[in-house]
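In what follows, a single structure is set out as structure tokens and then discussed.
In what follows, chains carry the letters A, B, and so on, assigned in the order in which the sequence lines appear, proteins first and then strands, with residues in each chain numbered from 1. Everything numeric in this text was worked out from a predicted model, so none of it was measured.
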Amino acid sequence: MNNIEIFLDSIRRAIELILSGDPYVLSVTIVQLKVNLTAVMISILLAIPLSIILSFKEFKGKRLVLSILSTLMSLPPVVVGLIVFLILSKSGPLGFLNLLFTPEAMIIAQTILATPIITSMSVASIKSVSDSLKYVALTLGANKYQMILSILNEAKYGILVAILAGYGRVAAEVGAILIVGGNIVTYEGISYTRTLTTAITVEASMGRLDAAIAFGLILMLISFIINLTLFILQRRSV
Amino acid sequence: MIELINVNKYYKDKHVLKDINLDVKRGEILALLGLSGAGKTTLLKVMNLLEDIDSGKIIFDGIDVTNLNENEKVKYRRRMCLVFQKPEFFRGSVFDNIAYGLKVRKVSKREIELRVKEALEIVGLKGYEKRNVKTLSAGEAQRVNLARALVIEPEVLLLDEPTSNLDPKNTEIIENIIKTAREEKGVTIVIATHDQGQALRISDRIAIINDGKLEQVGYKEDILFNPRTLFVAKFLGMKNIFKGYAKNGKIFFEDLEITVNSNINGEVFFGIRPEDIMIVREGRKKENMLRVKIERINLISASIYEIESYYKSTKIYIHVPRHVVDVMKLYKGKYINISLKKDSIRIFPK
């Protein structure tokens, strides 16, 4: 077999691997989705109230908070991974929780990655709703709570875009979860803390191209779905 | 209905409302007349309790509403409505936007449907419920903007330049809606405008605002014919303003002695409206007569000519009905006698 044949054969076997419902592939995919989705969910719970406060409340140091958030947006995942690792490691301040090398540790790291991006983008999209619309809501008789809901409703597509961007960041990320999750597979060959991204690094380095490609395909499918949704939302929000 | 007492408002260092005293009476249409940036919008927002003031008092229907907390403010704010200059809508249909004020007041669904329908009929947009607000023309948008305020049936309607972006036809439609709202529902209306014609057309009283200060408040005849400040005089079309020296009932100006009804002494400005100047036939005599040379004759409306004339180096505007130009055979370069009637002269101490 020449190189191209080897490559094509790998793709064929990768597709077979996905379609056969291989328990290893399935478990890796599930861990990936579970960690990403949970992290994004927690991020939403943190980011939305935070962005409401940042958008509707005036307080000292608000600018500082906003600039810290936008700095955190570009934080390298590996560094976040390292920090979480240090905090959760046996000698770290939260070492007693025994969370290192668990899916929970990965969720913590990814939450730290997703929250700033969702918050900043949500604040930006709330800000893009015309300021005078706030006054319109109030003069038409809305109380503060009703006014905030109306403005959020105007910004909802932008906020959804923010959430998807947050999801996009954690779905594609390797550095942080590799460090705090440990890329662990059980003796039965089922993933404990191995995700699609970390799996690809392992499989590729071990020369198991079919598995690496299979994971790559699934990952691409996920990001394709995210991007398609983003595209549709952005068109609708105009 | 709304009374402002010594209201002051700053935006950072800028003093935007200066010692405003204004009493808006129940059921009247008050025009707030001033140039852009004079403080009209801020004043309306203050009345609507959308902006806090730095000092002074706001009395709404006899109750001091100056320092209320947010929840109490909502209670009073719901008895009025401010229509902003630029229509800004919530995403969605015309119905959603007009229903907004009723929804936040927890009005029942059935009543909302009826009242929205009625409001659309009032503004002449029957059947527009399902239209997306983004597809409305400027005139339609302003009418929907007005409809969503009218549907609330506010006691006080505050309008911020509701026709500034509209053509004359849409302006007329909006003005009629405003007048009808007062006549049929007894709504108290404050309308901010920079257009003195509009102020005269639809209001009972006019408040002139300039640089954050109320220059004069009064019935429109009073404002028009007895301007108290130079600004009010100029703003309402007193195009002839001169500087002179007053002494014992006379003003000395150029080489003239003009008799006036005033005992002010010293340097003064004095003015006369162009339409109050009389052209005097040759050979006759009238008070305060002077001979001027016609420089230009210009038709400024269907029935009025504006004559630009000179007495030495002083330019004097005269407005005459169209037929006068023909009857008196007025033309450029001709010398004519004019009379500045002393009852028409207004004096502004320096």
Side-chain angles (χ1 to χ4, degrees), chain A residues 48-49 51-64 121-164 229-238, chain B residues 41-42 44-52 68-92 96-107 119 132-134 141 144-160:
Chain A
I48 301 299
S51 56
I52 291 173
I53 292 168
L54 288 169
S55 302
F56 294 99
K57 214 155 176 76
E58 290 307 320
F59 57 90
K60 254 195 176 161
K62 181 170 161 174
R63 278 195 157 173
L64 185 72
M121 286 179 69
S122 296
V123 168
S125 86
I126 293 170
K127 211 175 172 183
S128 75
V129 177
S130 151
D131 222 24
S132 35
L133 213 51
K134 276 186 216 170
Y135 284 120
V136 170
L138 290 174
T139 196
L140 291 175
N143 56 34
K144 198 159 186 205
Y145 172 72
Q146 290 168 323
M147 180 272 283
I148 289 173
L149 276 184
S150 302
I151 299 300
L152 289 182
N153 186 49
E154 291 298 303
K156 69 181 168 199
Y157 293 114
I159 293 172
L160 278 172
V161 168
I163 291 168
L164 284 171
T229 324
L230 265 174
F231 178 72
I232 294 168
L233 282 176
Q234 266 160 349
R235 276 189 36 172
R236 250 212 249 177
S237 69
V238 174
Chain B
T41 306
T42 310
L44 291 179
K45 279 185 176 171
V46 163
M47 289 183 184
N48 200 204
L49 310 180
L50 287 172
E51 293 269 12
D52 291 330
L68 298 179
N69 66 35
E70 192 50 40
N71 283 334
E72 288 171 319
K73 272 188 199 164
V74 173
K75 199 175 100 193
Y76 289 100
R77 206 183 280 134
R78 284 186 175 179
R79 294 172 60 183
M80 28 185 172
C81 191
L82 171 50
V83 177
F84 288 95
Q85 178 173 8
K86 193 170 157 249
E88 297 255 14
F89 295 117
F90 298 106
R91 208 191 292 284
D96 296 335
N97 273 277
I98 299 181
Y100 186 88
L102 300 174
K103 274 186 194 150
V104 297
R105 284 171 175 77
K106 316 264 185 238
V107 174
N132 187 315
V133 283
K134 282 176 192 152
V144 171
N145 201 17
L146 205 52
R148 70 178 169 182
L150 292 173
V151 78
I152 294 164
E153 300 191 342
E155 291 168 58
V156 180
L157 193 56
L158 306 163
L159 304 163
D160 190 7

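In this structure, CG on A/Leu233 lies 12.0 Å from CD1 on A/Ile159, to the nearest 0.5 angstrom. Here A/Ile48 contributes atom CD1 and A/Ile53 contributes atom CD1; the two are 12.0 Å apart, rounded to the nearest 0.5 Å. Atom CG in A/Leu140 sits 11.0 Å away from atom CZ in B/Arg77 (nearest 0.5 Å). If you take CG on B/Leu146 and CG on B/Leu150, they are separated by 4.5 Å, rounding to the nearest 0.5 Å.
Counting heavy-atom pairs closer than 4.5 Å to chain B, the top residue among A/Lys134, A/Glu154, A/Met147, A/Lys144 is A/Glu154. Highest contact tally toward chain A, considering only B/Phe84, B/Phe89, B/Tyr100, is held by B/Tyr100 [criterion: heavy-atom pairs under 4.5 Å]. Taking B/Arg148, B/Lys103, B/Lys75 one by one and counting their heavy-atom pairs under 4.5 Å with chain A, the maximum is reached by B/Arg148.
When the shell of 6.0 Å around NZ of B/Lys86 is examined, it contains 12 or fewer heavy atoms from other residues, nucleotides or ligands.
For the pair A/Thr139 (side chain) and A/Tyr135 (backbone), a donor-acceptor distance under 3.5 Å is absent.
In this structure, chain A has heavy atoms under 4.5 Å from both the backbone and the side chain of B/Val104. For a residue to count as touching a neighbouring chain, one of its non-hydrogen atoms must lie under 4.5 Å from one of that chain's; by this rule B/Phe90 touches chain A with backbone and side chain alike. If you measure heavy-atom distances from B/Gln85 to chain A, you find no contacts under 4.5 Å at all. Using a 4.5 Å cut-off between heavy atoms, B/Ile152 touches chain A through its side chain atoms alone.
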